[in-house]
Each structure stands twice: as structure tokens, then as C-alpha cells.
Amino acid sequence: MKTLVVYRSVTGFTRQIAQWIASDLHADVAAADAVGPARLQDYDCVVFGGRLHAVGIDGLSLIKRNWAQLKNKRVLVFATGASPARSEMLEEVKKKNLT
Ligand SMILES: Cc1cc2nc3c(=O)[nH]c(=O)nc-3n(C[C@H](O)[C@H](O)[C@H](O)COP(=O)(O)O)c2cc1C
């Protein structure tokens with residue numbers, strides 16, 4: 001399965017984790033700003049990572065605005081943040097960001 005790990009990172013934590021995931025999966029890795037619809041088309045699986053920002057997943061709009069072409073692929077999303085990973089916090093993040 002051809003996989004792209006794409007991330008939005010401001011201070012580097014999400015980028016580091018994206019690079020670790022890509023290394024384990026033998027996947028390509030790229031910053032979200034450098035990825036457009038044509039590049040997403042090349043992959044069977046897209047892993048997106050962004051930092052939490054006021055409970056929103058920064059950069060997730062890349063996935064949402066390209067959903068028509070991604071919906072038949074495998075898509076995974078992760079987020080980094082400073083909040084403790086309590087279940088109510090995780091539910092709030094899911095509710096705010098995912099349908
Ligand atoms: C303005 C601002 C808002 C943030 N909001 C959240 C938040 O709502 N939840 C959370 O867990 N972390 C929050 N954080 C922490 C960042 O998500 C965290 O430091 C993240 O790992 C940074 O990722 P980056 O190094 O890839 O930019 C916030 C940080 C900043 C600066």
C-alpha cells in the first residue's frame with residue numbers, strides 16, 4: 001500500500017511524529033503546504049497529522065476539501081497537543097473535527 005504521511009506543524013512536534021510514522025511505514029512524508037490534490041491522488045493511504053489549536057486539528061482542511069477524492073482511500077488522522085489524553089478531551093476533539 002502506497003502511503004503518504006502529511007502534517008501541519010508550527011513548532012516541530014507534529015513533524016517529528018509524522019517522520020517517525022513514515023519511517024515505520026516506509027511511507028513518503030510531506031508538509032501539508034506542499035501537498036495538493038494531484039499528489040494525494042498518487043496514494044492508497046493518507047495519514048494526516050496536525051497540532052491541536054483551540055480543540056481544532058490545524059490543517060485538517062486539507063483532508064476535508066479533498067474528501068471527494070480521498071473517500072475511497074484509507075485515511076487516518078492524528079493530532080498532537082498539550083492537553084492530558086482524558087477520554088472526555090478526546091471525545092471533544094473528535095466531535096469538533098470529525099463527522
Ligand atoms: C495558541 C495555541 C493553542 C493550543 N490549543 C491546544 C488545544 O486546544 N489542545 C491541546 O491539547 N493543545 C493545544 N495547544 C498545544 C499544541 O497543540 C502542541 O504544543 C502541539 O504539539 C504543537 O505542535 P507543533 O509543534 O507541531 O506545532 C495549543 C498551542 C497553542 C500555541
Side-chain angles (χ1 to χ4, degrees):
M1 183 176 283
K2 198 174 170 198
T3 300
L4 174 68
V5 182
V6 56
Y7 62 87
R8 166 73 57 79
S9 182
V10 175
T11 59
F13 291 105
T14 315
R15 180 179 61 235
Q16 176 65 81
I17 290 166
Q19 287 169 343
W20 282 330
I21 292 170
S23 171
D24 270 13
L25 296 178
H26 305 289
D28 294 339
V29 61
D33 292 346
V35 172
R39 179 124 189 235
L40 293 173
Q41 199 59 52
D42 286 345
Y43 293 89
D44 310 301
C45 174
V46 174
V47 179
F48 176 83
R51 64 170 187 158
L52 287 174
H53 187 266
V55 194
I57 299 176
D58 192 17
L60 188 59
S61 57
L62 175 73
I63 300 298
K64 292 184 172 178
R65 70 173 180 268
N66 291 296
W67 188 245
Q69 74 176 94
L70 288 172
K71 66 184 178 191
N72 294 321
K73 300 176 187 281
R74 190 164 284 192
V75 178
L76 298 95
V77 173
F78 73 91
T80 69
S83 305
R86 287 194 293 265
S87 57
E88 61 270 23
M89 174 63 201
L90 297 175
E91 282 310 311
E92 194 185 354
V93 169
K94 277 195 234 170
K95 200 169 155 190
K96 175 155 181 180
N97 293 282
L98 305 173
T99 57

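The figures that follow rest on heavy atoms only: side chains count, while hydrogens, waters and symmetry mates do not. Note that ligands are numbered from 1 as they come in the structure, with each ligand's atoms numbered from 1 the same way.
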Peer 1: Can you list the ligand 1 atoms lying under 4.0 Å from a non-hydrogen atom of Thr14?
Peer 2: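 Checking each atom against Thr14, I get 23 (O), 24 (P), 26 (O).
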Peer 1: Looking at Ile57, Thr11, Val10, which hits side-chain contact (heavy atoms from CB on, under 4.5 Å) with Arg51?
Peer 2: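 That would be Val10.
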Peer 1: Starting from atom 5 (N) of ligand 1, what is the nearest protein heavy atom, named by residue and atom, and what distance separates them?
Peer 2: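 Looking at atom 5 (N) of ligand 1, the protein heavy atom closest to it is Ala54 N, 3.1 Å.
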Peer 1: Can you sort out which atoms of ligand 1 are near Val55, meaning under 4.0 Å from one of its heavy atoms?
Peer 2: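 In order of number, 7 (C), 8 (O).
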Peer 1: Quick one, Leu52 and Met89 - any side-chain contact, counting heavy atoms below 4.5 Å?
Peer 2: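 A side-chain contact under 4.5 Å exists here.
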Peer 1: Below a 4.0 angstrom heavy-atom separation, can you tell me which part of Ser9, side chain or backbone, both or neither, approaches ligand 1?
Peer 2: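 For Ser9, backbone and side-chain atoms both sit under 4.0 Å from ligand 1.
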Peer 1: Among protein heavy atoms, which lies nearest atom 12 (N) of ligand 1, and at what distance?
Peer 2: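 For atom 12 (N) of ligand 1, the nearest protein heavy atom comes out as Ala82 N, 3.0 Å.
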Peer 1: So, are Lys94 and Glu91 salt-bridged, with charged N and O less than 4.0 Å apart?
Peer 2: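 Here Lys94 pairs with Glu91 in a salt bridge, since their nearest N and O are under 4.0 Å apart.
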Peer 1: CD/Gln41 to CG/Asn66 distance, rounded to the nearest 0.5 angstrom?
Peer 2: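 Interatomic distance, Gln41 CD to Asn66 CG, rounded to 0.5 Å: 9.5 Å.
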Peer 1: Which atoms of ligand 1 have any heavy atom of Val10 under 4.0 Å away?
Peer 2: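 Answer for ligand 1: 24 (P), 26 (O), 27 (O).
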Peer 1: Atom 2 (C) of ligand 1: which protein heavy atom is closest, and how many Å away?
Peer 2: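 For atom 2 (C) of ligand 1, the nearest protein heavy atom is His53 CD2, 3.7 Å.
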Peer 1: For ligand 1, which atoms have a heavy atom of Gly12 less than 4.0 angstrom away?
Peer 2: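 Answer for ligand 1: 24 (P), 25 (O), 26 (O).
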Peer 1: Which ligand 1 atoms are under 4.0 Å away from a heavy-atom of Thr11?
Peer 2: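 Checking each atom against Thr11, I get 22 (C), 24 (P), 25 (O), 27 (O).
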Peer 1: In terms of residue, atom name and distance, what is the protein heavy atom nearest to atom 21 (O) of ligand 1?
Peer 2: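 Looking at atom 21 (O) of ligand 1, the protein heavy atom closest to it is Thr80 OG1, 2.8 Å.
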Peer 1: So do the side chains of Thr80 and Gln16 get within less than 4.5 Å of each other, counting heavy atoms only?
Peer 2: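 Result no, sub-4.5 Å side-chain heavy-atom pair not found.
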Peer 1: In Å and rounded to the nearest 0.5 Å, what is the CG to CG distance from Leu98 to Leu60?
Peer 2: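 Rounded to the nearest 0.5 Å, the CG-CG separation comes out at 6.5 Å.
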Peer 1: Tell me, do Val75 and Trp67 make a side-chain contact under 4.5 Å, heavy atoms counted?
Peer 2: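 They are in contact (side-chain heavy atoms under 4.5 Å apart), so the answer is yes.
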Peer 1: Kindly give the heavy-atom pair with the smallest separation between Tyr43 and Thr3, and that separation in Å.
Peer 2: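 So the two residues come closest at CD2-C, 3.4 Å.
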Peer 1: Based purely on interatomic distance, does Met89 place a nitrogen or oxygen under 3.5 Å from a nitrogen or oxygen of ligand 1?
Peer 2: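 Checking ligand 1 against Met89, no N or O pair falls under 3.5 Å apart.
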Peer 1: List every atom of ligand 1 that sits less than 4.0 Å from any heavy atom of Phe13, numbering the atoms from 1 in the order shown and giving each element.
Peer 2: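 Once the distances to Phe13 are compared, the set is 21 (O), 24 (P), 25 (O), 26 (O).
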Peer 1: What residue and atom, counting heavy atoms only, is the protein's closest point to atom 4 (C) of ligand 1, and at what distance?
Peer 2: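 Ranking protein heavy atoms by distance from atom 4 (C) of ligand 1, first comes Leu52 O, 3.6 Å.
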Peer 1: Should the heavy atoms of other residues, nucleotides or ligands under 6.0 Å from CZ of Phe78 be counted, would the total exceed 12?
Peer 2: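 Result for CZ/Phe78: enclosed.
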Peer 1: Is atom 19 (O) of ligand 1 in close reach of the protein, with a heavy atom under 4.0 Å away?
Peer 2: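 It does not; no protein heavy atom is within 4.0 Å.
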Peer 1: Mind checking the CG-CD spacing from Asp24 to Gln19? Nearest 0.5 Å is all I need.
Peer 2: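 Here the rounded value is 12.5 Å.
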Peer 1: Write out the residue and atom name of the closest protein heavy atom to atom 22 (C) of ligand 1, then the distance separating them to 0.1 Å.
Peer 2: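 In this structure, atom 22 (C) of ligand 1 has Arg51 CB, 3.6 Å as its nearest protein heavy atom.
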Peer 1: Near Gly81, which atoms of ligand 1 are under 4.0 Å from a heavy atom of that residue?
Peer 2: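 Reading through ligand 1 atom by atom, the close ones are 10 (C), 11 (O), 12 (N), 17 (O), 18 (C), 21 (O).
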Peer 1: Which atoms from ligand 1 have a heavy atom of Ser83 less than 4.0 Å away?
Peer 2: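 Heavy-atom distances to Ser83 below 4.0 Å select 9 (N), 10 (C), 11 (O).
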Peer 1: Looking only at non-hydrogen atoms, find the nearest pair between Leu62 and Ala32 and report the distance.
Peer 2: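 Distance-wise, the nearest heavy atoms are CD2-CB, 4.2 Å.
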